[in-house]
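Below is one structure, written out as structure tokens; the observations come after it.
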Amino acid sequence: QWVPAEQAPSGKPSVAFLASVPELGEATYRLTPGKPAGGTDLTARQAGDTISLANRRIGITLGGPRPAEQGPIAGIRLPGGAAVGAGRLDVPQAPQSVELDLLARGPVFAEAAVDYTFPDRRFWRLRFRVIAGEPVVLVDEEFELPEGSKYTLRLAEGWRADQLFYRDHGNCCRTAAVRSVKTEPV
């Protein structure tokens with residue numbers, strides 16, 4: 001999948017592809033002209049004020065009718081098809097604008113941006129990426145929000161989790177048992 005310079009971590013135009021390399025091993029890959037082999041389980045759709053990114057294992061819906069109140073995430077689709085999550089954005093100053101942009105449609109990854117602009121040059125920029133076949137949504141954010149701002153994503157809404165799968169700061173995948181979920185009113 002072609003990755004424009006402004007979206008690539010290196011800042012240079014590049015190609016993204018899925019690879020399987022044995023632990024402590026090495027692999028050689030060659031790029032050749034032609035049609036890509038195989039398909040993808042990715043979908044990326046933009047309809048009005050909503051963007052949905054998904055694969056067969058996870059999905060996320062961004063935007064919706066009230067992103068200034070609910071925040072960027074309108075819902076998360078679990079592997080079984082259940083939609084979970086409800087967000088709330090509490091800010092002392094309402095956003096001046098909320099922009100959604102579908103950046104990539106696959107076949108390796110789908111990516112979207114949600115950008116909030118606030119008075120006094122304040123901002124909240126988020127990037128959401130779903131990779132083909134992966135059970136996670138990668139989120140990258142940068143912000144300078146008004147003092148006292150808070151976003152709450154209540155994952156317990158519609159979900160009774162018994163495991164948590166995440167990537168730590170070293171980008172290692174981890175699974176943890178969930179013994180109890182504490183929910184608090186917002």
Side-chain angles (χ1 to χ4, degrees), residues 1-23 25-64 67 70-85 87 98-116 123-143 151 153 155 159 161 163-176:
Q1 174 175 332
W2 178 250
V3 182
E6 57 271 8
Q7 293 176 19
S10 66
K12 299 177 182 177
S14 56
V15 175
F17 62 95
L18 295 176
S20 180
V21 179
E23 188 174 340
E26 65 179 63
T28 302
Y29 297 92
R30 288 182 181 76
L31 299 177
T32 59
K35 189 175 179 178
T40 184
D41 66 343
L42 284 174
T43 59
R45 295 187 179 94
Q46 185 163 12
D49 56 5
T50 302
I51 292 177
S52 296
L53 308 175
N55 63 29
R56 62 183 164 76
R57 302 179 78 183
I58 192 80
I60 189 164
T61 301
L62 307 168
Q70 74 186 23
I73 300 173
I76 298 169
R77 183 194 44 81
L78 300 176
V84 300
V98 180
E99 295 180 21
L100 282 79
D101 192 16
L102 183 55
L103 303 174
R105 295 179 179 265
V108 177
F109 65 88
E111 186 170 71
V114 182
D115 294 329
Y116 286 78
F123 62 90
W124 188 20
R125 297 182 191 113
L126 301 107
R127 302 296 175 266
F128 298 85
R129 180 178 283 194
V130 174
I131 299 171
E134 288 286 321
V136 295
V137 177
L138 302 176
V139 182
D140 185 36
E141 67 177 336
E142 56 182 312
F143 56 89
Y151 174 64
L153 177 60
L155 291 174
W159 188 21
Q163 285 187 330
L164 176 65
F165 180 75
Y166 64 97
R167 293 181 189 227
D168 63 18
H169 295 290
N171 212 23
C172 277
C173 296
R174 308 268 188 233
T175 302

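None of the values given here were measured: they were computed from a predicted structure. No hydrogens, no waters, no symmetry mates; every other heavy atom, side chains included, goes into these values.
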Could I get the full list of side chain to side chain contact (heavy atoms under 4.5 Å, CB included) partners for Ala27, not counting sequence neighbours? Val21, Tyr29
For Glu142, which residues count as a side chain to side chain contact (heavy atoms under 4.5 Å, CB included) partner, sequence neighbours excluded? Phe123, Arg125
Residues 51-64 side chain polar contacts: donor-acceptor under 3.5 Å, at least two apart:
unit_1: Ser52; atom_1: OG; unit_2: Thr61; atom_2: OG1; d: 3.4
unit_1: Asn55; atom_1: OD1; unit_2: Arg57; atom_2: N; d: 2.6
unit_1: Asn55; atom_1: OD1; unit_2: Ile58; atom_2: N; d: 2.9
unit_1: Asn55; atom_1: ND2; unit_2: Ile131; atom_2: O; d: 2.8
unit_1: Asn55; atom_1: ND2; unit_2: Glu134; atom_2: O; d: 2.8
unit_1: Arg57; atom_1: NH1; unit_2: Gly133; atom_2: O; d: 3.1

Heavy-atom side-chain proximity of Val98 to Val114 below 4.5 angstrom: yes
For Asp41 and Ala132, the nearest pair of non-hydrogen atoms, with its separation, is OD1-CA, 3.4 Å
Tyr151 vs Leu153 side-chain heavy atoms within contact, under 4.5 Å: yes
Compare every heavy atom of Ala113 with every heavy atom of Leu103, then report the nearest pair and how far apart it is. CD1-CB, 3.9 Å
What residues form a side-chain hydrogen bond (donor to acceptor under 3.5 Å, both in side chains) with Glu141, not counting sequence neighbours? Trp124
Can you see which heavy atom on Ala44 is nearest to which on Ala104, and at what distance? CB-O, 4.2 Å
When rounded to the nearest 0.5 Å, the distance separating OG1 of Thr50 from CG of Leu102 is 12.0 Å
Going by side-chain hydrogen bond (donor to acceptor under 3.5 Å, both in side chains), name the residues that satisfy it together with Asp115, two or more places apart in sequence or in a different chain. Arg127
Tyr116 side chain vs Pro67 backbone, donor-acceptor pair below 3.5 Å: yes
